[in-house]
Amino acid sequence: MRICRHCGVRLSNDIPRCPLCDMETEITGGDFALDYPYIKSGFTRGLLLRLITFIAVFFVGVSLLVDHLVPTGSPWAFITVIGIAYLWISAMNVLKYTPNPASITLCQLLSISGVVFLIDYLTGYHRWSVNYVIPFLVMAAAIATTLMILIKPMKYRAYIIYILVIAVLGVLSVLLWIFGYSDIEWPVVISAWVSAVCFLVMLVFLHRRTKNELRKRFHV
């Protein structure tokens, strides 16, 4: 038997994800009611993860070796390493942890923001990353997560914490301009406004559910 710790549903079938909230289920003991015959696969997820890790390390090593043997004065090798690291983190996030779409959205927001900032820094720091790319990424993530909740309200409990985190990141993006990292004000202000509005939508249209869920999450 399996159980979903998130919503308390007990499942007699060997279902890895909860049909209500789409979170991972845990084995609690007992027999499963198998819907189909179990066929063991020779190619496991763990093997795939190790293969992806090996390929990533191999190409990182090749890039750094070529840059060392044939120096060009360009940071192309470090940019390549950053891109490979981003792809590896994304693959691990999807394959190893099998999160919900809102979790993937938040992970992509943080990963891509870090990648574009490092590329901007390595190429002379012209501030295009903090001026435009990161604020618009935050806006896109906030809107996408809000649409996920509105389209699939049954998964509201699994998504609410992510829209809250993205809303906080949107508001905090104003700090980029306040502390001088960004020299253009309007993108970060709009990013903060859109993020706050998206969370406000949850409070207005799903007031009771939002209040109850936040109370459960933060024990207040």
Side-chain angles (χ1 to χ4, degrees), residues 43-145 148 161-195 198:
F43 192 78
T44 63
R45 178 180 295 183
L47 179 60
L48 178 60
L49 294 175
R50 290 192 293 270
L51 179 61
I52 292 175
T53 301
F54 172 78
I55 293 174
V57 172
F58 175 78
F59 280 104
V60 165
V62 169
S63 299
L64 296 177
L65 179 62
V66 172
D67 184 59
H68 175 72
L69 296 177
V70 189
T72 61
S74 171
W76 70 267
F78 295 101
I79 295 176
T80 302
V81 170
I82 292 170
I84 294 173
Y86 161 72
L87 294 175
W88 180 81
I89 292 173
S90 299
M92 294 299 105
N93 184 44
V94 173
L95 296 175
K96 184 176 182 179
Y97 301 105
T98 58
N100 58 45
S103 174
I104 294 176
T105 301
L106 178 59
C107 181
Q108 291 297 311
L109 168 62
L110 298 176
S111 300
I112 297 176
S113 296
V115 167
V116 297
F117 178 80
L118 288 175
I119 292 176
D120 187 12
Y121 180 80
L122 291 173
T123 55
Y125 193 49
H126 301 287
R127 305 196 183 197
W128 52 267
S129 59
V130 292
N131 281 340
Y132 300 105
V133 179
I134 293 178
F136 281 102
L137 284 174
V138 173
M139 282 189 280
I143 294 173
T145 308
M148 292 178 197
I161 192 66
Y162 297 104
I163 186 63
L164 175 61
V165 172
I166 293 173
V168 171
L169 291 176
V171 174
L172 291 179
S173 65
V174 177
L175 297 177
L176 294 174
W177 180 74
I178 293 177
F179 289 103
Y181 293 100
S182 172
D183 52 11
I184 299 180
E185 180 182 7
W186 67 265
V188 294
V189 171
I190 294 178
S191 174
W193 183 81
V194 170
S195 302
C198 288

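What you see is a predicted model, and the numbers here were worked out from it, not measured in a lab.
- The shortest non-hydrogen separation linking Leu109 to Val138 is CD1-N, 3.7 Å.
- The two atoms that bring Ala192 and Ser173 nearest to each other are N-OG, 4.2 Å, heavy atoms only.
- In terms of heavy-atom proximity, Tyr125 sits nearest to Phe117 at CE1-CE1, 3.8 Å.
- Shown here for Met148 and Ala102, the closest heavy-atom pair between the two residues is SD-N, 3.8 Å.
- Atom-to-atom distance recorded for Leu172:CG and Ile178:CD1 is 9.5 Å, nearest 0.5 angstrom.
- Between Ile119 and Ser129, the closest side-chain pair of non-hydrogen atoms is not below 4.5 Å.
- In terms of heavy atoms, Pro75 sits closest to Leu122 at CG-O, 3.5 Å.
- Counting non-hydrogen atoms of other residues, nucleotides and ligands closer than 6.0 Å to CH2 of Trp76 gives a total above 12.
- For the atom pair OG (Ser63) and CD1 (Ile84), the distance works out to 4.5 Å, reported to the nearest 0.5 Å.
- With respect to Leu118, the side chain to side chain contact (heavy atoms under 4.5 Å, CB included) criterion is satisfied by exactly one of Val81, Ile79, Ile82: Ile82.
- Around the CZ atom of Phe58, the shell of radius 6.0 Å holds no more than 12 heavy atoms that belong to other residues, nucleotides or ligands.
- Distance check, rounded to the nearest 0.5 Å: CG of Leu169 to CG of Leu175 gives 11.0 Å.
- Considering only heavy atoms from C-beta on, Cys198 comes within 4.5 Å of Ile163 through its side chain.
- Once rounded to the nearest 0.5 Å, the distance linking NE2 of His126 with CG of Asp120 reads 7.0 Å.
- A heavy-atom distance below 4.5 Å is not found between the side chains of Ile55 and Ile52.
- Taken to the nearest 0.5 Å, the CG atom of Leu176 stands 11.0 Å off from the CG atom of Asp183.
- No donor-acceptor pair closer than 3.5 Å links the side chain of Ser191 to the backbone N or O of Pro187.
- A heavy-atom distance below 4.5 Å is found between the side chains of Tyr132 and Ile184.
- Residue-environment remark: CZ (Phe78) stays at or below the threshold of 12 foreign heavy atoms within 6.0 Å.
- Looking only at side-chain heavy atoms (C-beta outward), Met92 and Thr53 come within less than 4.5 Å of each other.
- In this structure the side chain of Phe54 never reaches within 4.5 angstrom of the side chain of Arg50, judged on heavy atoms.
- Once rounded to the nearest 0.5 Å, the distance linking CD1 of Ile166 with CG of Leu106 reads 5.5 Å.
- Contact detail for Val130 and Ser182: the closest heavy-atom pair is O-OG, 3.7 Å.
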